Amino acid sequence: MTSVTALLDAISGIGREPRSGGYARPVFSTAERDLRAWFVAEAEARGLDVEVDRNGILWAWWGMPGPGAVVTGSHLDSVPGGGAFDGPLGIAAALAAVDVLRERGFTPAKPLAIAVFPEEEGSRFGVACLGSRLLTGALSPDAARRLTDREGDTFAEVFAAGGIDPARIGPDPETLGRIGVFVELHVEQGRGLIDLDRPFAVAESILGHGRFKVSVRGEGNHAGTTLMADRRDPLVAAAGMVGRIAELAGAVDDARATVGRFEPVPGGTNVIASSVDFWIDARHPDDAVTRRLVADIDRMCVELAAARGCEAVLVEESWSPTVGFDPSLARRLGSTLPDAPYLRTGAGHDAGILASAVPTGMLFVRNPSGISHSPEEHVVDTDADASAAALADVLQDLLA
């Protein structure tokens, strides 16, 4: 077996950010395209047949593609300043699991595929799990084609440059119909396995979450000639909103609300901004609670903006309801890995999107830092390689 660590080491220099020490691998950037090429080469070296579907999802097949396939995989894109394991661990473990199964002399009775989903993080176009949403019909093709990145490049332009015809994107029942079951292996993005002192866990559920854009409009002006009393400064209003968002979420048990992106326009040092856009990630196990929290945030933003002579508008960019993974599949994974506890997660995944259409499950691998979406994210070599063997055990059971 090629070790998972060796596979990850081979891509450790791709997309690294000198400033943060993490990775910037947005979908169809040079870095992400290099990672896709790496995956194709590794899959073909194992004799797997690789194809790209209409939504940019890579499929590497062991056996003839067809209904009832067992599919595993994850993603290769990253958040800005992300870690080395979020996404790529699941891909590397899947490749290594194929090696393990072949070393065992195992012959699958069903087709096996490794899938690589594009734009899972939503770091370029703002919609998480974009590839799996298109595949399942959770996002309309027209809505996807209208998306733009920070540079103003459209989804259609970026995907066309990546070799994907934007006119053909959208629900793909034929491809979706091939999937008999999907299992995603992923680094744990919290402390559950640290506290339990276990290397692996079976996922039970994913917290519902949404992404929301707040646009605050004021009046751009000169920093030196405009008296403080005469200003309609949207940045001051927006800064107050960020603090209140944390307070509102903190008052709700088990809620999370995060502002991680904040963009004043035009962004000059000696310029009063004319507008500010910022984005909120809101989550809670109960979708109704998340909705109430966001409604409270919306009202607060409108009120604080008005107090500064500004206007604020909150718009939903994406929504993923709370997902409970297929119970029978979770039990089957648990019986194959009897020492693995069951955990829920607050992080979104393509598996959560696919769960609406096919039986879906997840395995988590211990992260000794307990930190994710950061260069501090980590998996020790022994756990990384053991994850491939554990995934192979699961796949062998499902493929028999």
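This one's a predicted model, so the numbers in the text were calculated from it and none came from an experiment.
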Open item on the list: So does Glu376 get a backbone contact from the side chain of Ser374, meaning a donor-acceptor N/O pair under 3.5 Å?
Closed with: yes

Open item on the list: Whether the side chain of Thr136 engages the backbone of Leu354 through a donor-acceptor N/O pair (distance < 3.5 Å, no angle test) should be reported.
Closed with: no

- [ ] For the pair Glu184 (side chain) and Ala351 (backbone), establish whether a donor and an acceptor sit closer than 3.5 Å, ignoring hydrogens and angles.
- [x] yes

- [ ] Assess Arg102 against Trp62: is NZ or CZ under 6.0 Å from the centre of the six-membered ring, and within 45 degrees of the ring's axis?
- [x] yes

TODO: State, to 0.1 Å, how close Pro118 and Val27 come at their nearest heavy-atom pair, and which atoms those are.
DONE: CB-CG2, 3.8 Å

TODO: Provide the closest heavy-atom pair for Ser387 versus Leu185 in the form atom of the first, atom of the second, distance.
DONE: O-CD1, 3.6 Å

Task: Over all atoms of both residues, closest heavy-atom pair of Ala201 and Ala340 - done: CA-CB, 4.1 Å

Open item on the list: Using a 3.5 Å distance criterion without hydrogens, assess whether the side chain of Asp287 forms a donor-acceptor pair with backbone atoms of Pro321.
Closed with: no

Task: Check: Ser274 side chain, Glu219 main-chain N or O, donor-acceptor pair, under 3.5 Å - done: no

Task: Donor-acceptor contact below 3.5 Å, side chain Asp99 vs main chain Thr2 - done: yes

- [ ] Report yes or no: does Arg198 contribute a side-chain atom to a donor-acceptor pair with the main-chain N or O of Asp339 at less than 3.5 Å?
- [x] yes

Open item on the list: Distance alone, cut at 3.5 Å: any donor-acceptor contact between the side chains of Ser318 and Arg133?
Closed with: no

Task: Note: Glu51-Arg178 ion pair, threshold 4.0 Å (strictly below) - done: yes

Task: Charged N-O contact under 4.0 Å between Arg46 and Glu44 - done: no

Open item on the list: One thing to verify: whether Asp165 and Arg145 come together as a salt bridge, which I'm taking to mean a side-chain N less than 4.0 angstrom from a carboxylate O.
Closed with: no

Open item on the list: Taking CZ in Arg168 as the centre, count heavy atoms belonging to other residues, nucleotides or ligands within less than 6.0 Å. Is the count above 12?
Closed with: no

Open item on the list: Does the Lys NZ or Arg CZ of Arg36 fall within the cation-pi geometry relative to Phe39 - under 6.0 Å from the ring centre and within 45° of the axis?
Closed with: no

- [ ] Please confirm whether Phe28 and Phe159 have ring centers closer than 6.0 angstrom.
- [x] yes

Open item on the list: Would the distance check show the side chain of Thr148 and the main-chain N or O of Asp153 forming a donor-acceptor pair, the cut-off being under 3.5 Å?
Closed with: no

Task: Test side-chain contact (heavy atoms from CB on, under 4.5 Å) applied to Pro26 and Arg124, Arg150, Glu121, the passing residue - done: Arg124

Open item on the list: For His349 and His186, take the angle between the two ring planes, folded into 0 to 90°, and tell me which bin it lands in: parallel under 30, tilted 30 to 60, perpendicular over 60.
Closed with: perpendicular

Task: Criterion side chain to side chain donor-acceptor pair (under 3.5 Å) on Asp393 and Thr336, from CA distance to verdict - done: CA-CA 7 Å; Asp393 291 342; Thr336 303; over 6 Å; no

- [ ] Return yes if some donor-acceptor pair links the side-chain N/O of Tyr23 with the main-chain N/O of Ser12 below 3.5 Å, else return no.
- [x] yes

Open item on the list: Under a 4.0 Å threshold between the charged nitrogen and the carboxylate oxygen, would Arg283 count as salt-bridged to Asp281?
Closed with: yes

Open item on the list: Within a 6.0 Å radius of atom CG on Asp142, are there more than 12 heavy atoms belonging to other residues, nucleotides or ligands?
Closed with: yes

Open item on the list: Using only atom types and a distance under 3.5 Å, with no angle test, would you say the side chain of Arg244 pairs donor to acceptor with the backbone of Ala239?
Closed with: no

Open item on the list: Distance alone, cut at 3.5 Å: any donor-acceptor contact between the side chains of Gln189 and Asp86?
Closed with: yes

Open item on the list: Could you go through Asp286 and His284, starting from their C-alpha distance and side-chain angles, then the distance that decides it, and tell me whether this counts as side chain to side chain donor-acceptor pair (under 3.5 Å)?
Closed with: CA-CA 5 Å; Asp286 185 332; His284 189 276; 5.5 Å; no

Task: Residue pair Trp279, Glu317: steps toward the side chain to side chain donor-acceptor pair (under 3.5 Å) verdict - done: CA-CA 9 Å; Trp279 284 259; Glu317 289 199 334; 3.2 Å; yes

TODO: List the steps, then state whether side chain to side chain contact (heavy atoms under 4.5 Å, CB included) holds for Ile164 with Val158.
DONE: CA-CA 9 Å; Ile164 307 302; Val158 170; over 6 Å; no

Open item on the list: Is it the case that the side chains of Asp53 and Thr175 hold a donor-acceptor pair, with the cut-off being a distance below 3.5 Å and no angle test?
Closed with: no

TODO: Would you sort out whether Asp326 and Thr360 count as a side chain to side chain donor-acceptor pair (under 3.5 Å), showing the intermediate values?
DONE: CA-CA 6 Å; Asp326 185 272; Thr360 303; over 6 Å; no

Open item on the list: Tell me whether Arg33 forms a cation-pi arrangement with Trp38, defined as NZ or CZ under 6.0 Å from the six-membered ring centre and within 45 degrees of its axis.
Closed with: no

Open item on the list: Looking at every non-hydrogen atom in both residues, tell me the closest pair between Ala249 and Ala257 and how far apart they are.
Closed with: CB-CB, 3.5 Å

Open item on the list: Restricting to non-hydrogen atoms, name the atom on Gly170 and the atom on Arg54 that form the minimum distance, rounded to 0.1 Å.
Closed with: O-CD, 3.8 Å

